[in-house]
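Encoded as structure tokens, the structure appears first; notes follow it.
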Amino acid sequence: MNSVITLTLPGDIRFSRLASQTASNTASLFTDTCNAGAGNWEFSHAFELAVSEAFTNAVNYGDRMQGTRNITITFTIEQRKLTVAIRDANAPFSAETPEPDIETYPEHGYGLMLIRTLMDTVTICRENGENVITMTKQL
Amino acid sequence: MNSVITLTLPGDIRFSRLASQTASNTASLFTDTCNAGAGNWEFSHAFELAVSEAFTNAVNYGDRMQGTRNITITFTIEQRKLTVAIRDANAPFSAETPEPDIETYPEHGYGLMLIRTLMDTVTICRENGENVITMTKQL
Amino acid sequence: MTITETLSSGITIVELCGTIDASTAPELQRHQAISDPTQTIVIDLARLDFLDSSGLGAIIGAARRKEESGANMLLSCMNQKVRRVFDITGTVRLFHIFDETAAAIDYATTLRKSQ
Amino acid sequence: MTITETLSSGITIVELCGTIDASTAPELQRHQAISDPTQTIVIDLARLDFLDSSGLGAIIGAARRKEESGANMLLSCMNQKVRRVFDITGTVRLFHIFDETAAAIDYATTLRKSQ
Ligand SMILES: Nc1ncnc2c1ncn2[C@@H]1O[C@H](COP(=O)(O)OP(=O)(O)O)[C@@H](O)[C@H]1O
Ligand SMILES: Nc1ncnc2c1ncn2[C@@H]1O[C@H](COP(=O)(O)OP(=O)(O)O)[C@@H](O)[C@H]1O
């Protein structure tokens, strides 16, 4: 049976680390349960980093005029697969962002690039007036 | 303005450490924000331990026949006060439990004793058919 | 939680690492050297990050059964967080607690000789 | 995050400890030795537990401004988690990265002499 864990945080950047720590802890719990030996740090760190990026985007591209809206992070533990979905009430956005040109020392634009590299699947969709970025990784 | 953080976990003892880690991380975030210097480990550890105890009770005294019900942990951050409330769908219980007699090497009965010592206020009440244990601690 | 066993001067040292709470206490209770009531052991807690009352209960139960059969469980190297659980519950007085594992081993050796 | 500054052979070493993400990157950007475009520094990452792209962006921005005014930012002692962020983004090739802080200091001293 799948287990679902939900963390709801204020849309405030102060909570970014709580989001990424919880992602890391959930992933570690998942790999422990699966008895996956060494190399676990890579799996946990993938979730730690991907959730840090997605949460930061959810906060940064939110409409500050609207006050702080909540951001919801949902983890779903299946047999050999961990899924995380991050929901925000921001304006819709396109995932077709160009990769940064490294030679110009760009300071931004690495978030989705990291997420796509770290995760097995990444989907961005619109659900009930919210952006939902769903990421999965198989053990 | 108060910040509210909610963590919903399956009522399964496998998730006890995720509950207590999140409590510890939330308390650390709170003390960092308040710029409280040394001695912070005691504040964070109080929440880590109290939430571990309350979550474990919520799971252990749940009706396993009913399948796994969710346990909800809500943190509320105020100016100088952190509150955590843990909700379960268990049968009502009385908080008037006797303290264990140490000389007999008892293996149980330390949970509420620890919670009461660590926290400033502890209230146990019944709300919408759920047990709610609410604990607060001032910085 | 991980449990590591080593032998020093004929005394078994059980090192507990990580977390002991309700999710891991059963594993502790199943560990041979911990559950054997006749075996005196030193539990090295230096790398134990977190203990709650379920973990404490498991340790106390094993200690009681050892005491009842004339064996001992000695504790060493508690960090502040772990110590606090023993202090608040008053169970600190049920144990011989050592700052250094070496001192606990010495004490265990003396106990064995006097038996 | 905590930032500690030390001086060794006339080179400023900035040690970053903890987490650099969007909640702490602004603090990094405000740090004097990091933001001063004319100062060559070594950043010791041994105790940095976690870096994300907001932290990476802050480091890259400061490095670019140093490069533009002829100064340098050298990086040392990255752990595997931190290194992975530089690797995946390809930004690893924008930096001189050293396994040991001492080697980074030597290199910084050589750079200064050759200027
Ligand atoms: N949750 C979100 N809400 C709105 N826009 C987003 C969101 N996530 C990403 N975006 C858009 O996608 C772009 C690329 O994001 P990212 O790769 O993380 O780089 P960066 O945020 O550094 O620009 C952002 O600049 C933003 O326009
Ligand atoms: N969430 C809960 N749901 C139902 N009963 C509870 C709950 N929390 C505590 N109790 C009751 O209170 C008693 C004392 O709890 P505690 O001090 O934690 O000791 P222990 O759980 O080790 O017996 C428990 O034995 C149980 O009967």
Side-chain angles (χ1 to χ4, degrees), chain A residues 1-36 40 44 47-48 51-52 55-56 58-59 62 64-79 82-88, chain B residues 1-36 40 43-44 47-48 51-52 55-56 58-59 62 64-79 82-87:
Chain A
M1 210 186 67
N2 298 353
S3 299
V4 177
I5 295 161
T6 309
L7 178 68
T8 306
L9 296 170
D12 182 324
I13 204 62
R14 283 197 294 142
F15 298 100
S16 58
R17 190 62 183 132
L18 192 54
S20 60
Q21 281 170 328
T22 306
S24 172
N25 292 336
T26 303
S28 296
L29 176 67
F30 169 74
T31 55
D32 282 358
T33 311
C34 294
N35 256 319
N40 279 3
S44 298
F47 279 90
E48 185 178 18
V51 167
S52 192
F55 181 85
T56 300
V59 173
R64 275 162 222 184
M65 296 299 113
Q66 303 251 3
T68 325
R69 278 184 291 199
N70 284 335
I71 293 166
T72 306
I73 307 175
T74 311
F75 301 92
T76 307
I77 299 179
E78 289 170 80
Q79 198 66 32
L82 183 59
T83 302
V84 61
I86 290 137
R87 264 160 246 269
D88 66 56
Chain B
M1 209 188 66
N2 299 352
S3 299
V4 178
I5 295 160
T6 310
L7 179 67
T8 307
L9 295 171
D12 182 323
I13 204 62
R14 281 197 297 142
F15 298 99
S16 58
R17 190 62 183 133
L18 193 53
S20 61
Q21 282 171 327
T22 306
S24 171
N25 292 335
T26 302
S28 296
L29 177 66
F30 169 75
T31 55
D32 281 357
T33 311
C34 294
N35 254 319
N40 278 3
F43 193 91
S44 298
F47 279 91
E48 185 179 15
V51 168
S52 192
F55 181 85
T56 299
V59 173
R64 277 166 218 177
M65 294 300 112
Q66 301 252 5
T68 326
R69 278 185 290 197
N70 284 335
I71 294 167
T72 306
I73 309 176
T74 310
F75 301 93
T76 306
I77 300 179
E78 289 170 80
Q79 199 67 31
L82 183 59
T83 303
V84 61
I86 290 137
R87 264 161 245 269

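The chains referred to below are lettered A, B, ... by the order of the sequence lines, with proteins before strands, and numbering in each begins at 1.
- Counting only residues at least two apart or on different chains, the ring-ring contact (aromatic ring centres under 6.0 Å, His included) pairs with a member in residues 2-35 of chain A are A/Phe30-A/Phe43.
- No part of B/Ile71 comes within reach of chain A, as not one of its non-hydrogen atoms sits under 4.5 angstrom from that chain.
- Between B/Arg14 and A/Leu29, the shortest heavy-atom distance links the atoms O-CD1, 3.3 Å.
- Nearest approach of B/Thr22 to A/Leu18, heavy atoms of both residues: O-CD1, 4.2 Å.
- Nearest approach of B/Pro10 to A/Val4, heavy atoms of both residues: CD-O, 3.5 Å.
- Counting heavy atoms from C-beta on, the side chains of A/Asn25 and B/Asn25 come closer than 4.5 Å.
- Note that CD of B/Gln21 and OG of A/Ser28 are 7.5 Å apart. Values are rounded to the nearest 0.5 Å.
- Side chains of A/Leu7 and B/Ile5 form a contact here, defined as non-hydrogen atoms less than 4.5 Å apart.
- Applying the salt bridge (charged side-chain N to carboxylate O under 4.0 Å, His left out) test to every pair with at least one member in residues 19-30 of chain B, sequence neighbours left out, gives no pairs at all.
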